[in-house]
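One structure below.
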Amino acid sequence: MQTRVFTGPTVPRYIYPFDLRRQPHLETDVVVIGSGSAGLSAALAAAELGAEVVLLTKATLTESNTTYAQGGVAAVLDEEHREADDSIDLHVEDTVTAGAGMCDNEVVHDIIAGGVEAIEFLQAHGCNFDLADNNEIALTREGGHSARRILHANGDATGKEITRSLGQAVEARDNITVLNGCYVLDLLDDDGRIVGVIYSRKGVRSAVIAKTTIMATGGSGRVFRETSNPPIATGDGLAIAYRAGAQLCDLEFVQFHPTTLYIAGKPRYLITEAMRGEGAHLVNHRGERFMPNYHEKAELAPRDIVSRAIISEISKTDFPHVWLDATHLPSNFVRERFPTIYRTCHALEIDITKDWIPVHPSAHYHCGGVLSDAQGITSVDGLLVAGELACTGLHGANRLASNSILESLVMGLRAGRIAAERDKPYERTRIVAEPPGHELEDIDISDIIRSA
């Protein structure tokens, strides 16, 4: 069920020469690459067990795919706080159905069962979820889910709240060093074992030597023209791991989010699936609601089905997008439940309580990645992965809505704890890379990430 890719003979091990005997570097127990929910939770988990941690982030501590996640975290809470008809087994069933039969059922159950601990971890670190009238955690429903099990924060700004709370917790730890603005170039290995990274920061190439390396570099949405991902999501983590010999898996499975704001010349802003979960309808350019013609769950069908249906309607009507209609919902409810979307659209002269929202599918999430188990352990000694970069078998061919942050937290916690408990020696002076065929004067980082 899984397609594995191995390092090819034409791929250079390192993309430029170096000698750590002459390279500025730090030494630590654990180095974490990435500051989304997976990286932040991994860093905290390792630090709370006493490990010294260095966290490298490409931009800033608060810039990641997690920050832009609107919908929430899918988790089956304890019996007192979940919906009466919900269960872990039902969440597993929904996940496997959405994954089109390509999921690893054992992994699915294992990760979903970690949901309660993940939510407790967030709350312990100051994450404030929205509450219902009875002062219990408010739950909503998204496409593919059979019950209301999505926790959200600040209406439609869940990711921002998670990043805020975990980021503040990271900054409060004396044994976590955060380095912003780092572009990681390669993993370092000593006789096949990963012992750290080499990176560029402010034009200076440096290294971090570590007993264990955790990669949580996120997705690759920016390789697509239509994408909901921020500019940092360039997929370089895949290439870095590939050069180090890691097995990659299911790279062809890229999930498209059905509804991103579609206005010529404007960013493709995500319109959360939770809007459809609360009753918004998709209509084509003729004003016809079309999803009931494609699936029994209509707008709450899995994302791949909704995305294909939208493209089909675009083709039939010869119009560049479809519309999301929330005008039949109470105006106050729409403004209070989706404040960020309301403000964003209002700035573009769209009142979502009165106007239809122009939407189009966009690349959103990479279901494939670096092959690992549910603990984040990869095929390469000393390398752990977590979050969107990892391919555990949870998502199969198509991710169930809001399972991503759940997976990131569960795997981040596990990877961080495993890393903190490892104690293997390393010898930094032996790590030398010869020039790959010719001497390189310098490396153009902006060219590599296609930001120029």
Quick check: do [X] and [Y] have side-chain heavy atoms less than 4.5 Å from each other?
{"X": "Asn180", "Y": "Glu63", "answer": "no"}
{"X": "Val370", "Y": "Leu248", "answer": "yes"}
{"X": "Leu394", "Y": "Thr95", "answer": "yes"}
{"X": "Val53", "Y": "Thr177", "answer": "no"}
{"X": "Val32", "Y": "Ile176", "answer": "no"}
{"X": "Asn332", "Y": "Pro330", "answer": "no"}
{"X": "Gln375", "Y": "Asp110", "answer": "yes"}
{"X": "His360", "Y": "Arg268", "answer": "no"}

Minimum heavy-atom separation for [X] and [Y], please, with both atom names.
{"X": "Leu406", "Y": "Ala74", "value": "CD2-O, 3.3 Å"}
{"X": "Met291", "Y": "Ala298", "value": "CE-O, 3.3 Å"}
{"X": "Asp29", "Y": "Glu52", "value": "OD2-N, 2.8 Å"}
{"X": "Ala118", "Y": "Leu409", "value": "CB-CB, 3.9 Å"}
{"X": "Gly72", "Y": "Ile405", "value": "O-CD1, 4.1 Å"}
{"X": "Arg201", "Y": "Gly181", "value": "CG-O, 3.6 Å"}

Donor-acceptor under 3.5 Å ([X] side chain, [Y] main chain):
{"X": "His145", "Y": "Ala401", "answer": "yes"}
{"X": "Thr213", "Y": "Ile194", "answer": "no"}
{"X": "Asp104", "Y": "Gly393", "answer": "no"}
{"X": "Glu273", "Y": "Gly143", "answer": "yes"}
{"X": "Arg414", "Y": "Gly376", "answer": "no"}
{"X": "Thr227", "Y": "Ala363", "answer": "yes"}
{"X": "His257", "Y": "Thr259", "answer": "yes"}
{"X": "Ser362", "Y": "Ser228", "answer": "no"}
{"X": "Arg303", "Y": "Ala98", "answer": "no"}
{"X": "Thr97", "Y": "Glu93", "answer": "yes"}

Gap between atom [atom2] of [Y] and atom [atom1] of [X] - 0.5 Å precision:
{"X": "His321", "Y": "Ile314", "atom1": "NE2", "atom2": "CD1", "result": "8.5 Å"}
{"X": "Met411", "Y": "Ile111", "atom1": "CE", "atom2": "CD1", "result": "6.0 Å"}
{"X": "Leu166", "Y": "Leu122", "atom1": "CG", "atom2": "CG", "result": "5.5 Å"}
{"X": "Ile162", "Y": "Asn128", "atom1": "CD1", "atom2": "CG", "result": "11.5 Å"}
{"X": "Tyr68", "Y": "Asn229", "atom1": "OH", "atom2": "CG", "result": "10.5 Å"}
{"X": "Lys316", "Y": "Asn284", "atom1": "NZ", "atom2": "CG", "result": "9.0 Å"}

salt_bridge(Arg148, Glu278) N-O dist < 4.0 Å: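 Looking at Glu278 together with Arg148, the answer is yes, because their closest N to O distance falls below 4.0 Å.
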Audit row: Asp94, His91, side chain to side chain donor-acceptor pair (under 3.5 Å) steps and yes/no: CA-CA 5 Å; Asp94 291 343; His91 191 176; over 6 Å; no
Evaluation steps, side-chain contact (heavy atoms from CB on, under 4.5 Å), between Trp323 and His281: CA-CA 8 Å; Trp323 307 87; His281 297 153; over 6 Å; no
Candidate pair Glu407 and His395, rule side chain to side chain donor-acceptor pair (under 3.5 Å), full reasoning: CA-CA 10 Å; Glu407 181 189 38; His395 306 301; 2.7 Å; yes
Hey, is [atom1] on [X] packed in by over 12 heavy atoms from elsewhere, all under 6.0 Å?
{"X": "Asp318", "atom1": "CG", "result": "no"}
{"X": "Lys160", "atom1": "NZ", "result": "no"}
{"X": "Asn134", "atom1": "CG", "result": "yes"}

Pairs meeting criterion ring pair (Phe, Tyr, Trp, His ring centres under 6.0 Å) with involvement of residues 92-131, two or more places apart: Phe121-His125
Residue pairs, two or more places apart or on separate chains, that pass salt bridge (Lys or Arg N to Asp or Glu O under 4.0 Å) and touch residues 338-351: none
With a 3.5 Å cut-off and no angle check, do the side chains of [X] and [Y] form a donor-acceptor pair?
{"X": "Gln70", "Y": "Thr340", "result": "no"}
{"X": "Thr163", "Y": "Thr67", "result": "yes"}
{"X": "Tyr294", "Y": "Glu299", "result": "no"}
{"X": "Ser87", "Y": "Asp89", "result": "no"}

Verdict with reasoning, His152 to Asp130, per side chain to side chain donor-acceptor pair (under 3.5 Å): CA-CA 6 Å; His152 50 84; Asp130 292 340; 2.8 Å; yes
Stepwise side-chain contact (heavy atoms from CB on, under 4.5 Å) test for Thr28 and Val30: CA-CA 6 Å; Thr28 189; Val30 180; 5.6 Å; no
Trace of the side-chain contact (heavy atoms from CB on, under 4.5 Å) decision for Ile240 with Ile33: CA-CA 11 Å; Ile240 292 167; Ile33 312 169; 6.0 Å; no
Stepwise side-chain contact (heavy atoms from CB on, under 4.5 Å) test for Gln247 and Val380: CA-CA 8 Å; Gln247 295 177 7; Val380 182; over 6 Å; no
Pairing residues for Thr344 by the side-chain hydrogen bond (donor to acceptor under 3.5 Å, both in side chains) criterion, not counting sequence neighbours: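 side-chain hydrogen bond (donor to acceptor under 3.5 Å, both in side chains) check on Thr344 returns nothing, list empty.
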Aromatic plane relationship, Phe338 with Phe333 - under 30° parallel, 30 to 60° tilted, over 60° perpendicular: perpendicular
